[in-house]
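Here the structure comes first, spelled out in structure tokens, and everything after it is commentary.
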Amino acid sequence: MSSTNIYKPYLMQIEKILDEAPGVKTFRLRFTDDEEKNQFRFQTGQFGEYSIFGEGESTFCIASSPTRKDYIECTFRQTGRVTSALARKEEGDVIGFRGPYGNTFPIEKWKGKNLLFIAGGIALPPLRSVIWNVLDLRDQFKDITILYGARSVADLVYKYELDEWSARTDLKLVTTVDPGGETPEWKGKVGFVPSVLDWMEPSSEQTVAVVCGPPVMIKFTFPELLKLGFTPDTIFTTLENRMKCGVGKCGRCNVGKVYVCKDGPVFTYQQLQELPAEY
Ligand SMILES: Cc1cc2nc3c(=O)[nH]c(=O)nc-3n(C[C@H](O)[C@H](O)[C@H](O)COP(=O)(O)OP(=O)(O)OC[C@H]3O[C@@H](n4cnc5c(N)ncnc54)[C@H](O)[C@@H]3O)c2cc1C
Ligand code: FES
């Protein structure tokens with residue numbers, strides 16, 4: 001961190017703002033201090049506290065890959081006080097960032113395996129970080145499959161990257177929108193993520209599944225994966241419990257004995273089954 005005060009944020013300049021979907025923006029952030037930029041390291045799956053002076057902090061995953069140096073990206077939906085203040089910011093403005101915090105996706109252990117990514121709606125950002133991470137190390141993994149769904153075509157985020165992924169021959173991308181969310185031009189599937197997964201029937205052989213989405217999607221996707229032969233220790237997800245300090249001090253995020261900010265946010269389905277039901 002930039003000083004011994006663990007709550008003191010890095011100052012980050014907003015280099016680029018992209019409007020992803022209604023109420024959803026991506027910021028590309030660069031360190032204003034070169035020394036801090038050179039020292040900064042993170043791993044995929046980690047998150048940070050993004051702040052506006054006088055407004056407060058919001059927790060977002062780091063949505064860019066650690067293989068892309070010099071900047072970090074976050075994608076957020078405008079939901080309340082801090083995210084609304086962030087949404088009013090313009091390119092060139094400076095915001096605060098504390099992090100990286102939390103554990104990581106264990107991609108070292110996934111080398112040589114097939115990877116199946118399943119994301120719903122605004123939950124693509126944490127998976128986008130790990131997807132670009134493994135794509136930048138493409139020869140170290142076997143088949144890569146991505147299933148991404150949103151309520152409607154307008155709600156899909158990273159549309160420019162979905163086009164790029166669908167043009168690649170070294171991965172399989174399936175996109176879907178909920179019934180009624182399609183447009184006349186839509187070429188993807190129409191249906192809820194768990195049903196499309198059932199239709200795809202991906203093999204669970206030597207495969208790791210990474211799932212991130214709204215609770216209802218997760219609820220119906222885990223049983224589909226078990227039906228396909230995935231074991232709970234091969235299914236990964238990332239939790240978004242409300243947080244404050246991000247560093248295991250305030251107790252805001254704990255579930256039973258687990259501090260989601262320190263012990264997570266990445267968990268296997270097996271680990272989730274050992275947590276009290278309220279997670
Ligand atoms: C590890 C982690 C990673 C996250 N990554 C992202 C991300 O990449 N992009 C993104 O858009 N959001 C992400 N979130 C959720 C995000 O932190 C909250 O949406 C945000 O902090 C809301 O801030 P606010 O001040 O605008 O809202 P507030 O004014 O604090 O609240 C507005 C409304 O949102 C609800 N809310 C706030 N936080 C949460 C939460 N964590 N879960 C459910 N409801 C909540 C409140 O109860 C209230 O109804 C993540 C959360 C965690 C813990
Ligand atoms: S957010 Fe403070 S202990 Fe986890």
Side-chain angles (χ1 to χ4, degrees), residues 6-7 9 12 17-29 42-65 72-89 95-105 117 119-132 148 150-151 155-158 161 210-219 236-267 271-272 275 278-279:
I6 58 164
Y7 297 111
M12 311 290 289
I17 299 180
L18 289 172
D19 287 309
E20 300 284 357
V24 181
K25 287 179 192 271
T26 294
F27 283 0
R28 176 170 291 186
L29 303 169
F42 77 98
Q43 286 178 272
T44 186
Q46 293 191 290
F47 66 90
E49 295 292 334
Y50 301 74
S51 56
I52 302 240
F53 309 106
E55 297 289 349
E57 295 183 312
S58 255
T59 316
F60 308 136
C61 70
I62 302 177
S64 48
S65 165
I72 58 167
E73 288 176 330
C74 65
T75 301
F76 62 93
R77 186 193 295 280
Q78 192 178 336
T79 48
R81 182 180 166 133
V82 180
T83 47
S84 297
L86 281 167
R88 290 193 292 274
K89 289 285 167 191
I95 64 167
F97 168 80
R98 294 193 285 127
Y101 298 138
N103 69 350
T104 68
F105 286 112
F117 296 102
I122 180 66
L124 186 56
L127 292 206
R128 182 223 196 197
S129 169
V130 63
I131 289 170
W132 276 121
Y148 175 45
R151 259 186 286 174
D155 289 308
L156 293 163
V157 295
Y158 308 131
E161 288 180 349
V210 191
V211 187
C212 201
V216 64
M217 187 203 100
I218 300 273
K219 183 176 166 201
F236 290 79
T237 191
T238 165
L239 295 186
E240 294 203 346
N241 293 43
R242 289 209 75 170
M243 293 182 185
K244 199 167 166 68
C245 69
V247 290
K249 303 246 181 246
C250 72
R252 182 77 174 86
C253 67
N254 69 308
V255 185
K257 288 187 191 142
V258 167
Y259 284 85
V260 175
C261 67
K262 263 186 30 180
D263 304 315
V266 175
F267 293 93
Q271 290 169 319
L272 292 188
L275 291 182
E278 82 250 29
Y279 77 79

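Counting begins at 1 with the first residue of the sequence. Ligands are counted one by one from 1 in listed order, and the atoms in each one are counted from 1 as well.
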Of the listed options ([options]), which comes nearest to [atom] when hydrogens are ignored and any heavy atom counts?
atom                    : options                     : answer
atom 4 (C) of ligand 1  : Thr75, Thr59, Leu124        : Thr59
atom 3 (S) of ligand 2  : Gly251, Pro265, Gly264      : Gly251
atom 19 (O) of ligand 1 : Thr83, Thr79, Val24, Leu239 : Thr79

Mark up the atoms of ligand 2 that fall under 4.0 Å of a heavy atom belonging to [X], in ascending order.
X      : result
Tyr259 : 3 (S)
Lys249 : 3 (S)
Lys244 : 1 (S)
Gly248 : 3 (S)
Cys250 : 1 (S), 2 (Fe), 3 (S)

| query | Hey, are Glu73 and Arg128 close enough for a salt bridge, meaning a charged N less than 4.0 Å from a carboxylate O? | reply | yes
| Salt-bridge criterion met for Glu55 and Arg81 (N-O under 4.0 Å) |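 So Glu55 pairs with Arg81 through a salt bridge.
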Taking [atom] as the reference point, the nearest protein heavy atom with its distance:
atom                    : value
atom 29 (O) of ligand 1 : Arg81 N, 3.1 Å
atom 53 (C) of ligand 1 : Asn241 O, 2.8 Å
atom 20 (C) of ligand 1 : Ser58 OG, 3.4 Å
atom 27 (O) of ligand 1 : Gly80 CA, 3.4 Å
atom 41 (N) of ligand 1 : Glu240 O, 2.8 Å

With only distance considered, is [X] within less than 3.5 Å of ligand 1 through an N or O on each side?
X     : result
Cys61 : yes
Val82 : yes
Phe76 : no

| task | Please determine, by modelled atom types, if Ser58 and Thr83 share a side-chain donor-acceptor pair under 3.5 angstrom. | result |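 Thr83 and Ser58 do not have a side-chain donor-acceptor pair below 3.5 Å.
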| Atom OH in Tyr101, atom NZ in Lys262: separation rounded to 0.5 Å? | 12.5 Å
| field | From Asp155 atom CG to Leu124 atom CG, the distance as rounded to the nearest 0.5 Å | value | 12.5 Å
| query | Which is it for Lys262 and ligand 2 at heavy atoms under 4.0 Å: side chain, backbone, both or neither? | reply |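 Looking at Lys262 and ligand 2, no heavy atom falls under 4.0 Å.
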| Can you tell which part of Arg242 has a heavy atom less than 4.0 Å from ligand 1: side chain, backbone, both or neither? |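 It is both backbone and side chain that touch ligand 1.
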| message | Could you check whether Tyr148 and Phe117 have their ring centres less than 6.0 Å apart? | response |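 Aromatic pair excluded; centres sit 6.0 Å or further apart.
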| Does atom CD of Gln43 have more than 12 heavy-atom neighbours, drawn from other residues, nucleotides or ligands, at distances under 6.0 Å? | no
| What do you think, any protein heavy atom under 4.0 angstrom from atom 13 (C) of ligand 1? |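 Protein heavy atom within 4.0 Å of atom 13 (C) of ligand 1: present.
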| Protein non-hydrogen atom below 4.0 angstrom of atom 44 (N) of ligand 1 present |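 No, because not a single protein heavy atom sits under 4.0 Å from atom 44 (N) of ligand 1.
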| Matching residue for Val258 among Leu239, Asn241, Asp263 - test: side-chain contact (heavy atoms from CB on, under 4.5 Å) | Asp263
| task | Specify whether Tyr50 and Phe60 have parallel, tilted or perpendicular ring planes, treating 30° as the upper limit for parallel and 60° as the lower limit for perpendicular. | result |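 Tyr50 vs Phe60 ring planes: tilted.
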| said: Run the side chain to side chain donor-acceptor pair (under 3.5 Å) test on Tyr158 and Thr75 for me, step by step, so that the C-alpha distance in whole Å, both residues' side-chain angles and the decisive distance to 0.1 Å come before the verdict. | reply: CA-CA 10 Å; Tyr158 308 131; Thr75 301; 2.6 Å; yes
| field | Cys253 SG and Cys261 SG subtending at atom 4 (Fe) of ligand 2 (10° steps) | value | 100°
| So, Thr26 side chain and Leu18 main chain: donor-acceptor pair closer than 3.5 Å or not? |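 Not at all, since once roles are kept as given, no pair shorter than 3.5 Å links the two residues.
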